[in-house]
Amino acid sequence: MPTDGPVRVRFAPSPTGYLHIGGARTALFNWLVARGSGGRFVLRIEDTDRKRNVADSLAKILDDLRWLGLNWDEGPEVGGEFGPYMQSERLETYNRHCEQLLKAGEAYYTFETPAELQARREQARKEKRVAIYQRPDPLPTAEDAVRARAEGRPVVVRFKMPDEDITVSDMILGEVTLKREELEDFVIRKSDGWPTYHFACVVDDELMKITHVLRGQEHVMNTPKHIALQRALGFAMPQYAHMPIIMNMDGSKMSKRDKERALAQGEPPPEIDVHDFRAAGYLPEAVVNFIALLGWSPGGDREQMTTEELTDLFSVERINKTAAKFDRDKLLAFNTDWLSRVSAARRLAALRDFCEVTGSPLGQAHDDTLLTLMQASQGIRTFAQLDGKSRFIFVPDEQIRFDEKAVKKVLRKNDGEGLRVLADLLPRLEGLPDWTAEAIEGLLRGVCEETGLGLGKVAQPIRVAVSGGTISPTIFDTLVLLGRERTLTRIRRALEQLS
RNA sequence: GGCCCCAUCGUCUAGUCGGUCCAGGACACCGGCUUUUCAAGCCGGCAACAGGGGUUCGAAUCCCCUUGGGGUCACCA
């Protein structure tokens, strides 16, 4: 990456909810730039809109970033020499720079009400004019502002946009020019005294010595404003890289609102936030790997990579220009592969996290049990799937409900063939010397040979008796996990209730 | 609607200065194998350079137009 000093990049979320998957991709790319260049990854919290801030959301964002493995060198909880990293703690800094612009005549006070501005915009639209803010002439003075404030009008500070076209040199898009007439005198200080995003962002990027700004393409139209501000304040200009947007499969923007919409229609909500994927039982390795490929690729046929490999391979130059659709099927496939590839210890730790986040009953089990369970459940695609197919093992016997279709198909068919098998099996299981997977397998296979039945004819009745349905981990291990007593209890219960 | 950006299989993409691409990989899909359930796995198959003009001996790769998609037009970030 071409730069003089040390690379410094930042991720700057606002604490308005969970970490969005698109935000995670932005964070990841910035993190990769820092880690791949020996630079610094700064985390800054943009909480200048007091109305939109959501309690707890900062903690959640930090937690999910950590879950993804994206650690920050400077920011909340770790500090750093350019702090504070919460914009809400930097008001004086913004005011100082704002005063500087005011004094230099590069910014001015205005006091239109929102309704007035709205009316003007609509009027301009109706007349098919560009609906940008018209600079008042003459400009209001500081005294006018004092008077307006006394009258209860909202007083804001606007930046005087220079009278020229502005060209952005973007590492991904190349040169993008915006014409003067498209650029308006935007607000830099709101009537509540807080800076707008544009202003706080530019001031902080300078003061925090940010060298590269990687952000979503939705920001390209903002960049000329930022450049103009940098020039007026005598700031250095960072290198810009605007990354492609991440969209839904239907081409719409992936937004938190998608969840509400699905819920309202009675559909299962799609995973949108990092936390959703976490709670759905995905491995962070898979999520990181997958989102790294949204708008970037290492070239050739390489797809599945560890975060370390990603760090080595990543380069801003290879980021695409085209928007990417978020294909959950492919993520699922990645997760399946990662789940089978990762070490048992790693899998266990990740499963523990899943249980903690979801409150799954599997969380009550000991490590050995969980290890055996996963051994017996190879081929699972997510922890949620593991939970779904095995939680019957961890609930009280009385809670087992028999699925009607399963009972019909497996137990009652052929004049109760399955029930007969079960009744026959009961004493044999009771008398089995060792309650191990090998012993149980030996017994069941023996029965098969004796009776000429396939293993399916023997295993399925047990599965239904013990789980209530037709799905479970490998039957031998399942019975071991359940233990002899509970296995027998459940079989007796099935026999009593269903015969 | 104005402005900005983009355009290879359904999806993510490879294709680095035009030739070795009648376009490669992965996911999905279809078929088969395997199998104690659900999965997983293995093998095979289907499938794209948006359209039209140029430039060139030669274009997915360069230029223009059309079409399509996306972004943005706040005292939100």
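In what follows, every chain begins at residue 1, and chains take the letters A, B, ... in the order their sequences are listed. Since this is a predicted model, take the numbers as computed values, not measurements.
- Within the nucleic acid shown, A:His219 comes within 4.0 Å of at least one base atom, counting heavy atoms only.
- Note on A:Arg125: a base of the nucleic acid sits closer than 4.0 angstrom, heavy atoms only.
- Contacts of A:Glu112 with the nucleic acid, taken as non-hydrogen atoms under 4.0 Å apart, include base atoms.
- B:A59 sits 15 Å from B:C64 when the C1' atoms are compared, rounded to a whole Å.
- No contact: A:Asn289 has no heavy atom under 4.0 Å from any strand.
- Between the C1' atoms of B:G53 and B:C17, the separation comes to 25 Å (whole Å).
- Base engagement by A:Ser191 is indicated by at least one non-hydrogen atom pair under 4.0 Å involving a base atom.
- Applying a 4.0 Å cut-off to non-hydrogen atoms, the residues of residues 151-165 of chain A that approach RNA chain B are A:Pro154, A:Val156, A:Arg158, listed by residue number.
- Considering only side-chain N and O atoms, A:Lys190 lies under 4.0 angstrom from the phosphate OP1 or OP2 of B:C76.
- Positionally, the nearest nucleotide of RNA chain B for A:Val176 lies more toward the 5' end than for the other of A:Phe476 and A:Val176.
- Distance from the side chain of A:Gln460 is smallest for B:U37 among the nucleotides B:U13, B:C6, B:U37.
- You'll find that the side chain of A:Asn222 is closest to B:A77, out of B:C4, B:A77, B:U72.
- If you take atom P in B:G45 and the same atom in B:G24, they sit 12 Å apart, rounded to whole Å.
- Taking atom P in both B:U20 and B:C5, one finds a spacing of 32 Å when rounded to whole Å.
- Inspection of the A:Asn289 and A:Gln304 side chains reveals no N or O donor paired with an N or O acceptor under 3.5 Å.
- The aromatic ring centres of A:His219 and A:Tyr197 sit less than 6.0 Å apart.
- A salt bridge is absent between A:Lys225 and A:Glu184: the closest approach of a Lys/Arg side-chain nitrogen to an acidic carboxylate oxygen does not fall below 4.0 angstrom.
- Of the candidates B:A40, B:C76, B:U13, B:C76 carries the atom nearest the A:Thr196 side chain, counting heavy atoms from C-beta on.
- The six-membered or imidazole ring of A:Phe402 lies away from that of A:Phe392, with a centre-to-centre distance of 6.0 Å or more.
- Among the protein residues, A:Ala131 comes within range of no part of the nucleic acid, since none of its heavy atoms lies under 4.0 Å from any strand.
- Remark: A:Arg463 is not in phosphate contact with B:U36, judged by side-chain N or O atoms under 4.0 Å from OP1 or OP2.
- For the C1' atoms, the distance linking B:U8 with B:A50 amounts to 10 Å, nearest Å.
- Taking 4.0 angstrom as the limit, A:Asn320 places none of its side-chain polar atoms (N or O) nearer than this to OP1 or OP2 of B:C12.
- Spacing of P atoms, B:C6 relative to B:U66, comes out at 16 Å, to the nearest Å.
- Aromatic rings of A:Phe29 and A:Trp296 (six-membered ring for Trp) have centroids beyond the 6.0 Å cut-off, not under it.
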